[in-house]
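Take a look at the structure set out below.
For the numbers below, each heavy atom of this structure counts, side chains included, while hydrogens, waters and symmetry mates do not.
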Amino acid sequence: MYEKLLSHASKYNVEVYEKSMVKNVKGLYADNVIWINKNYLTTSADKASVLAEELGHYHTTVGDIIDQSKIVNRKQELRARAWAYEKTIPVSKIIEAHRLNLRNKYELANYLEVTEAFLEAALQRYKEKYGLSVYYDNYTVCFDPLGVIEWFDCRDF
């Protein structure tokens, strides 16, 4: 996933650098440049989860939103995260994982090449957006507990 996101960044002429940063900063985006904290993020899944959100800022954020005490900035932060979740963990990928017999969140996160925390946040976002489940292409995806139900047309039997 990290490589796919790097390719996406390149397509939009967004430069990505891995550099040492202060411990509590995972990544930053400004002026078509994304910095990933190489000291804090050690796995490809860690980097992908942060890069996805920073690309979300590229696609959805306007201006300086560092001051999160402002409601307008918090809304932009949520919009960037929502973009990241939908780009890296679309509902179709959850169904695809079900078809591959992946049975828990750990396996799903590994399959999607993101962290379990990122996956959990994405599932929470989908619950906020759709409710406890969503119908998608003859499947019902349940977000809590996570599961997929395949529907069959009885007329086919």
Any chain of hydrophobic side-chain contacts (each under 4.5 Å) joining [X] to [Y]?
X	Y	result
L51	Y58	yes
V50	L78	no
V148	L102	yes
V14	V62	no
I36	Y12	yes

(message) side chain to side chain contact (heavy atoms under 4.5 Å, CB included), that's the test. Do M21 and K26 meet it? Break it down for me.
(response) CA-CA 8 Å; M21 300 165 68; K26 296 178 183 179; over 6 Å; no
Can you sort out the partners of [X] under side-chain hydrogen bond (donor to acceptor under 3.5 Å, both in side chains), two or more places apart, ordered by chain and number?
X	answer
N37	none
S69	D67
E113	none
T60	none

(message) So if I apply the side chain to side chain contact (heavy atoms under 4.5 Å, CB included) rule between M1 and each of L6, T88, I89, L112, which one comes out positive?
(response) T88
Quick one: salt bridge (charged side-chain N to carboxylate O under 4.0 Å, His left out) partners of [X], sequence neighbours excluded?
X	answer
E86	K129
E96	K93
E107	none
E15	none

Is [X] reaching over with its side chain to a backbone N or O of [Y], donor-acceptor style, under 3.5 angstrom?
X	Y	answer
S49	A45	yes
E54	Y29	yes
R74	Q68	yes
E53	A80	no

Apply side-chain contact (heavy atoms from CB on, under 4.5 Å) to [X] and list each qualifying residue two or more places apart in sequence or on a separate chain.
X	result
L123	I94, K105, L119, F143, L146
S44	Y2
D144	K127, L132

(message) For R99 and Y139, which I'm curious about, is there any donor-acceptor pair between the side chains at under 3.5 Å?
(response) yes
(request) Could you tell me whether the side chains of N39 and S20 share a donor-acceptor contact shorter than 3.5 Å? (result) yes
(request) Mind jotting down which residue pairs meet the ring pair (Phe, Tyr, Trp, His ring centres under 6.0 Å) criterion with at least one end in residues 70-105? Sequence neighbours excluded, please. (result) H8-W83, H59-W83, Y85-F118
(request) Flag the pair S92 / D137 as yes when at least one side-chain heavy-atom distance between them is below 4.5 Å, and no otherwise. (result) no
(request) Compare all side-chain heavy atoms of L5 with those of L55 and state whether any distance is below 4.5 angstrom. (result) yes
